[in-house]
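Throughout, a chain's letter reflects where its sequence line sits, starting with A, and its residues are numbered from 1.
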Amino acid sequence: MRLSSFFLPTLKETPTEAQIVSHRLMLRAGMIRQTSAGIYAWLPLGHRVLKNIERIVREEQNAAGAQELLMPTIQSADLWRESGRYDDYGKEMLRITDRHDRDMLFGPTNEEMITDIFRAFVKSYKQLPINLYHIQWKFRDEIRPRFGVMRGREFLMKDAYSFDIDSAGAKRSYQAMFLAYLRTFARMGLKAIPMRADTGPIGGDLSHEFIILAETGESAVFCHKDWTETDVLAGAPGYDGDLQGFFDQTTARYAATEEMHDPAVCPVAEADLVTARGIEVGHIFYFGTKYSKPMGAAVAGPDGSPVLVEMGSYGIGVSRLVAAIIEASHDDAGIIWPDAVAPFDVGLISLKKGDAACDAACEDLYAKLSAAGKAVLYDDRDERPGPKFADMDLIGVPWHLVVGPRGLKSGVVELKRRATGERIELSAEAALAKLLG
RNA sequence: CGGGGCGUGGCGCAGUCUGGUAGCGCGCCAGUUUUGGGUACUGGAGGCCCCCGGUUCGAAUCCGGGCGCCCCGACCA
């Protein structure tokens, strides 16, 4: 992509409404545009990151055996009356009336709808287990949306729903998602800590929140310091392996949100306890027959008699992750994208547009990197070096390849790693080899 | 919903108290200049001053009503 024609409205100054660093940087980097309180348009740069995160989530869900489908954003109130949540959910649910005066709503979650789909088609225990998910926009009419996409009213969520014949199967489904979540967040360069959590309005008796530590996190969290020092996934099994063992071993290490933490009975010595702020990026629930019972989702068991299915649900805040990653990875100059989610792999900076040698070298590098499958943002604008460096730092591209007349005279270009600031001079060929290696 | 604050070119703000030609910085456009970390100068474009009503010869400014947005609290991916 040539920056001269890329829609990237970066800002030099920070809009006043943005209070936390991720929101400020997302606005300054031209990633999002607010359209109403808690509702945002995703501009091209932000959209690229959102899609990358979505892709990782999808790959890991598929690897864990979940199957993707897509349910609508608008739902009928009738389903929610069946589960009893139409009244329970309160004002957070956006209620809509259609032209025939039918009660509709913009889905805040999909337990009812997926249960309805399940019960329509699945009739035998032989078809279980099943885990279905989608990645779809949700709307929750928060009392106070804030912090940009961190707590928007409209947000993109991956929600998965598992169906099992018994609680042993359901727990195994839960543990598979538990592992999938750890893998998902690790791939994004995040250290997410699973914490025992309240089940809230979703209901149920087993639940973990996945929390990443960041100063601007909305809730206080407590965990053993081992969490911050070791790789949770070291020794993790495959999905057909000993999930129970991994789950037991992982959850044995203390970690709890404020609501669940009681200093009086905390098993961790004070010296080993980390007290921090956290951002919730995922939440998993096992809730048994909470929905299958009122909605009559039963299958024939081995003896032919009906058995209510055991369910769980598993959410990841996809749009929130964009902000959460920035909270966890930035500096004074701007965003530092982890490679896996970066909107571009390489930022190619031409220091002097119009200089024949410089233009030729840039075009050549741009063509070769692109041909090799790299996403390259080529800053071919007729600008001075200063703004180019500043913009590339701001939008956080992981590698900066700087090409200028001065270096070309001595046969070198400069390669900079955004995360460390480390810069090396090397030949164009060597730079290509390093970026493609 | 309770408490606090804000609404003036794209962004950041002044002007409002004390009514009288709508301003500054950044950005944008043109030209000159400069050229390895947001160059300097000159010229230019761009504003229903959130909306409606009232007071007044005259309202960004005063009065009434509405709308929108932000921050602090309880709820949530």
Side-chain angles (χ1 to χ4, degrees), chain A residues 9-20 23-24 27-28 30 33-39 53 57 89-93 107-110 135-160 181 185 192 197-202 207-212 218-219 257 259 279-285 313-324 333-334 349-355 358 381-394 400 402-410 412-414 416 421 423 425:
Chain A
T10 57
L11 301 174
K12 230 168 140 174
E13 292 172 87
T14 305
T16 33
E17 75 264 20
Q19 296 299 313
I20 64 169
H23 191 197
R24 283 200 291 264
L27 290 171
R28 285 197 53 214
R33 160 89 177 172
Q34 181 173 344
T35 63
S36 305
I39 302 179
I53 290 171
V57 169
Y89 223 92
K91 295 189 120 175
E92 203 170 297
M93 183 154 74
T109 177
N110 284 65
I135 299 172
Q136 178 63 289
W137 292 92
K138 305 292 187 290
F139 195 95
R140 294 184 188 172
D141 202 354
E142 300 278 347
I143 297 167
R144 184 155 90 89
R146 57 183 140 170
F147 302 151
V149 299
M150 188 75 81
R151 176 172 299 290
R153 292 195 292 171
E154 188 182 51
F155 59 97
L156 187 61
M157 180 166 92
K158 185 285 298 181
D159 40 323
Y181 274 36
F185 299 127
D198 258 345
T199 51
I202 307 278
S207 173
H208 284 87
E209 289 180 15
F210 288 76
I211 304 275
I212 66 170
E218 289 194 78
S219 47
T257 58
E259 312 83 69
I279 301 169
E280 182 184 353
V281 290
H283 201 161
I284 60 179
F285 303 85
S313 76
Y314 316 91
I316 289 180
V318 175
S319 48
R320 172 180 286 181
L321 271 167
V322 179
I349 296 180
S350 165
L351 288 180
K352 188 161 189 180
K353 184 180 166 65
D355 178 87
C358 192
R381 294 176 300 174
D382 187 11
E383 286 284 352
R384 295 169 48 80
K388 294 192 174 191
F389 289 130
D391 275 343
M392 206 58 88
D393 282 344
L394 173 63
H400 301 180
V402 182
V403 178
R406 188 189 298 175
L408 287 175
K409 271 183 197 144
S410 43
V412 297
V413 297
E414 183 181 287
K416 174 181 155 183
R423 303 180 216 186
E425 291 200 328

Whole-Å distance, A:Gln19 CD to B:G12 P, equals 12 Å
To the nearest angstrom, the CG-P distance between A:Leu11 and B:C28 comes to 12 Å
### Query
For A:Arg144 and B:A74, is the shortest distance between a side-chain N/O and OP1 or OP2 below 4.0 Å?
no
Here the distance between atom P of B:G37 and atom CG of A:Leu351, to the nearest Å, is 9 Å
Looking only at B:G38, B:G12, B:U34, the nucleotide nearest the A:Arg384 side chain is B:U34
What's the gap between B:U8 and B:G25 when it is taken at their C1' atoms, as a whole Å value?
15 Å
A:Arg151 atom CZ is separated from B:C71 atom P, nearest whole Å, by 12 Å
Practice prompt. May I ask you to check whether A:His283 and A:Phe285 place their ring centers less than 6.0 Å from one another?
Written response: yes
#### Entry: Distance between P atoms of B:C62 and B:G15 (Å, rounded)
12 Å
query = Are A:Lys353 and A:Asp382 within salt-bridge range, i.e. N to O under 4.0 Å?
reply = no
Take atom C1' in B:C24 and the same atom in B:C63, then report the distance between them in whole Å.
30 Å
If pairing means Watson-Crick or G-U wobble with both distances under 3.5 Å, then the partner of B:G9 is none
For A:Lys12 and B:G27, is the shortest distance between a side-chain N/O and OP1 or OP2 below 4.0 Å? yes
Partner of B:G43 under the Watson-Crick or G-U wobble criteria, both distances under 3.5 Å, comes out as B:C29
Classify the nucleic acid contact of A:Pro387 as base, sugar-phosphate or nothing, counting any heavy atom under 4.0 Å across all strands shown.
base
Can you tell me whether the side chain of A:Glu13 and the base of B:G27 have a donor-acceptor pair closer than 3.5 Å? no
Closest of B:G12, B:G73, B:G37 to the A:Pro385 side chain is B:G37
ask   = With distance as the sole test, does A:Arg423 use its side chain to make a donor-acceptor pair with the main-chain N or O of A:Glu414 at under 3.5 Å?
value = no
A:Arg146 atom CZ is separated from B:G68 atom C1', nearest whole Å, by 19 Å
_Within the structure provided, determine whether A:Glu17 and A:Leu27 are in side-chain contact (heavy-atom separation under 4.5 Å)._
yes
Rounded to whole Å, the CZ-C1' distance (A:Arg406 to B:U34) equals 14 Å
Of B:A77, B:G36, B:C75, the nucleotide closest to the side chain of A:Glu414 is B:G36
Hey, is A:Phe389 stacking on B:G38? Ring centres under 5.5 Å, planes under 30°. no
Using Watson-Crick geometry (N1-N3 plus N6-O4 or O6-N4) or G-U wobble (N1-O2, O6-N3), each under 3.5 Å, B:A60 is paired with none
note: A:Leu27, atom CG; B:G10, atom P; distance rounded to Å ~ 17 Å
| query | If only side-chain N and O atoms of A:Thr16 are considered, is one of them under 4.0 Å from the OP1 or OP2 phosphate oxygen of B:C70? | reply | no
(Q) Donor-acceptor pair, distance only, cut-off 3.5 Å: does the side chain of A:Glu142 make one with the backbone of A:Phe139? (A) no
A:Gln34 has its side chain closest, among B:G37, B:C70, B:G38, to B:C70
As its Watson-Crick or G-U partner within any shown strand, both distances under 3.5 Å, B:G2 has B:C72
Ranking B:C1, B:G12, B:C76 by distance to the side chain of A:Ile143, first place goes to B:C1
A:Glu383 atom CD is separated from B:C26 atom P, nearest whole Å, by 15 Å
(request) Pick the P atom in B:G10 and in B:C50, then give their distance to the nearest Å. (result) 13 Å
Closest heavy-atom pair, A:Met150 versus A:Ala323, reported as atoms and distance to 0.1 Å, is CE-CB, 3.9 Å
Out of B:C76, B:C11, B:G37, minimum distance to the side chain of A:Arg423 belongs to B:G37
